[in-house]
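What follows is one structure encoded as structure tokens, with my remarks underneath.
The analysis underlying the following values was restricted to heavy atoms, covering all of them including side chains, and did not include hydrogens, waters or symmetry mates. Fair warning: this is a prediction, and the values are worked out from it, not measured in the lab.
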Amino acid sequence: MTIQLHNTATRRKEVFKPLDPDNVRMYVCGPTVYDRAHLGNARPVLVFDVLFRLLRHVYGEDAVTYVRNFTDVDDKINATALARKEAGAEGTLEELIRERTEETIRWYHADMDELDALRPALKGQVTDEAAPRATRYIEEMKEMISELIAKDFAYVVAATIGHNSRAQYVYLDSNRVPSHAFLSVDALENRDDGLAYGDLSGRTLEDMVAGSRAEIGEGKRNPMDSVLWKPSTIEQPGWESDWGFGRPGWHIECSAMSRKLLGRQFDIHGGGLDLLFPHHENERAQCRACDGEDASAQVWMHNEMLQVEGKKMSKSLGNFFTVRDLLDQHVPGDVIRFVMLSTHYRKPMDWTQKKRAEAEDTLHRWYHSLDRIGSQDLPVEVIEALKDDLNTPGAIAVLHKYYREGNLTALLGGMKLLGIPGPLESKWWQEVWAGDPHTDELHIWTARLLAARKEAMETKDFSAVDAMKASLTRAGVEVRMSKAGVELVPAAGFDPSKLEGLE
């Protein structure tokens, strides 16, 4: 079975050829755990969850490893903990940092579980290693930094910090990265080897310099030189090293964790488009500097960003919300997932109230029709859509077709492949179903209408069927009839009292 994926490094869709079909390996950059996951954070989770499901379907559950990390050492986390301390929270800054990261990781798992995202797994086994925390791989990071220094791809600068005379910064030397070439846009588009520094993100020298200025540090030789190690104050998280008491830079974290858990080479590296530069550019540069120009991922994939009602999500616009905000507003996780997958991952995704309402209505109809379905078929057309660079909107279009045709077993199978739960697994639908006292009554009317239709097919007299449909419609019941059967759905104006006495 051939899967095609768009490779950011080569800017084209390619046939996916795993390095080892018995050990397919994927790394996805996870969250920095200082606060609740916002809606944009959920998009890469769902995109690569579908890819994970597809890879498991093609190569086997035990043949696929999916690693998604937690960045639990970061200046944003430190700032959040400091704000809590200044607000009167008890404990040292280090204790508050640990408390915040543990709390946020629990929140993240709970919120992503609500979206029916599978937990990352090592060859079928869900373990803590598949969701690594950066703080547990500090030794691997220090080892990689030492290699970069020894190979003259990094340099050390003394830091000005009062409590520690040994404190030093370590920087990646962007002028020494293998195959380093600052190319024009035209030259970048004409390359096909994906090896030059800067061509993963497709940025010119001017763009890269501008994008690197946010990372400030002492003694940089070049604005693009990213920090590998930086000093910590006494209260900040830190570890002893050859460069004094300090902590790693962001980019080296993922390089070291992917290298440790997936090896010198692996198949797929994914994440949001906002990580392409400088994070992924530097990740790849570090791996190649240590292990050669074919190191790190063979395929790089990036999902586009999320908007809300056509605008960038931001607190200043009042359109910023977390996944938990939506769940607390009784937006089902099934619906959030459906809306997200309705747009191709390489296109900007616009969350709107209209899309949310349409998704809820669609799933309500599908779940209602699938309530009595106990089996499912292999949805070949859905698989074909997903094999074509994760065409999830195409797959959903196929599901709509299955529903119209009454092919409910294929509908259920396709939903499961996309990670959309069936009615028996959907917590939302079970609550809706359990809260509807008229469920059994409507099932009785469904059976009556089916019997009447069967008799009408034999006698060619449909008057009784038409009369029953008219009575149900007056009671506020939507009657849906197809070759596959009959479905009765209570509409907004449903009045169960009008069902009494109907024949």
Stepwise, does the salt bridge (charged side-chain N to carboxylate O under 4.0 Å, His left out) test hold for Glu478 with Arg365?
CA-CA 10 Å; Glu478 183 180 349; Arg365 288 185 283 109; over 6 Å; no
Next on the checklist: Ring-plane angle category for Phe16 and Tyr59, please: parallel below 30°, perpendicular beyond 60°, tilted otherwise.
Outcome noted: perpendicular
Open item on the list: Any donor-acceptor pair under 3.5 Å linking the side-chain atoms of His364 with those of Asp361?
Closed with: no
**Request:** Output yes when Glu431 and Lys427 qualify as a salt bridge under the 4.0 Å nitrogen-oxygen rule, no when they do not.
**Result:** no
Please assess Phe70 against His109 for the test side chain to side chain contact (heavy atoms under 4.5 Å, CB included), listing each intermediate value before the final yes or no. CA-CA 11 Å; Phe70 288 112; His109 278 312; 3.7 Å; yes
- prompt: Counting distance only, does the side-chain N/O of Gln298 pair as donor-acceptor with the main-chain N or O of Leu19 below 3.5 Å?
  reply: no
Ser296 side chain to Arg284 main-chain N or O, any donor-acceptor pair under 3.5 Å? no
Please confirm whether the backbone N or O of Pro278 pairs with a side-chain atom of Glu281, one donor and one acceptor, at under 3.5 Å?
no
Quiz item: Does the side chain of Arg56 come within less than 4.5 Å of Leu118's, by heavy atoms?
Solution: yes
Between Asp111 and the options Arg337, Arg106, Arg36, the salt bridge (Lys or Arg N to Asp or Glu O under 4.0 Å) test singles out Arg36
Indicate yes or no for a side-chain donor-acceptor contact from Glu253 to the backbone of Ala134 under 3.5 Å, with no hydrogens or angles considered. no
(message) One thing to verify: whether Arg259 and Glu147 come together as a salt bridge, which I'm taking to mean a side-chain N less than 4.0 angstrom from a carboxylate O.
(response) yes
The complete set of ring pair (Phe, Tyr, Trp, His ring centres under 6.0 Å) pairs with one or both residues in residues 323-347, sequence neighbours excluded, reads Phe338-Trp366
Note: Ser255 and Ser258 closest approach over all heavy atoms is O-OG, 3.2 Å
- Query: Run the side chain to side chain contact (heavy atoms under 4.5 Å, CB included) check on Asp377 and Tyr402 step by step: do they pass?
  - Reply: CA-CA 11 Å; Asp377 290 335; Tyr402 288 157; over 6 Å; no
Once the angle between the rings of Tyr367 and Trp429 is folded into 0 to 90°, is it parallel (under 30°), tilted (30 to 60°) or perpendicular (over 60°)? tilted
Exercise for the section: Would you check if the side chain of Asp62 reaches a backbone N or O of Gly124 as a donor-acceptor pair within less than 3.5 Å? Expected result: no
Correct closest heavy-atom pair for Val335 and Arg356 would be CG1-O, 3.7 Å
All heavy atoms of Pro379 vs all of Ala410, minimum pair found to be CB-O, 3.9 Å
The residue among Arg346, His269, His280, His6 that forms side chain to side chain donor-acceptor pair (under 3.5 Å) with His302 is His280
- Run the salt bridge (charged side-chain N to carboxylate O under 4.0 Å, His left out) check on Asp267 and Lys17 step by step: do they pass? CA-CA 8 Å; Asp267 296 296; Lys17 298 178 180 178; over 6 Å; no
Any sub-3.5 Å donor-acceptor pair from Arg68's side-chain atoms to Val28's backbone N or O? no
In terms of heavy-atom contacts, Leu261 and Pro132 come closest through CD1-CG, 3.6 Å
Q.
Closer than 3.5 angstrom, by distance alone: can the side chain of Asn319 be matched with the main-chain N or O of Ser314 as a donor-acceptor pair?
A. yes
For Thr322 and Ala37 the tightest heavy-atom approach is CB-O, 3.3 Å
Is there a donor-acceptor pair under 3.5 Å between the side chain of Asp35 and the backbone N or O of Thr104?
no
Is the side chain of His368 donor-acceptor paired with the backbone N or O of Leu488 at a distance under 3.5 Å, no angle test? yes
Of all heavy-atom pairs linking Leu412 and Pro423, the shortest is CD1-CD, 4.3 Å
message: For Met112 and Asp49: C-alpha separation, side-chain torsions, deciding distance, then whether side chain to side chain contact (heavy atoms under 4.5 Å, CB included) applies.
response: CA-CA 10 Å; Met112 297 309 111; Asp49 180 66; over 6 Å; no
So, are Glu139 and Lys260 salt-bridged, with charged N and O less than 4.0 Å apart?
no
- Run the salt-bridge test on Lys355 and Glu358 with the 4.0 Å N-O cut-off and return the result as yes or no. no
Is a donor from one side chain sitting under 3.5 angstrom from an acceptor on the other, for Thr32 and Asp74?
no
Whether Glu360 side chain and Val331 backbone form a donor-acceptor pair below 3.5 Å: no
Dump the intermediate steps for side chain to side chain contact (heavy atoms under 4.5 Å, CB included) on Leu418 and Thr392, then the final yes or no. CA-CA 8 Å; Leu418 283 169; Thr392 55; 4.1 Å; yes
* Intermediate values then yes/no, salt bridge (charged side-chain N to carboxylate O under 4.0 Å, His left out), Arg133 and Asp128 -> CA-CA 9 Å; Arg133 304 179 188 201; Asp128 286 344; over 6 Å; no
(message) Assess whether a salt bridge exists between Asp72 and Arg98, defined as any Lys/Arg side-chain N lying under 4.0 Å from an Asp/Glu carboxylate O.
(response) no
Indicate yes or no: does Arg25 engage Asp20 in a salt bridge with an N to O separation below 4.0 Å.
no
**Prompt:** Does a donor on one side chain and an acceptor on the other come within less than 3.5 Å for Tyr137 and Asn69?
**Reply:** no
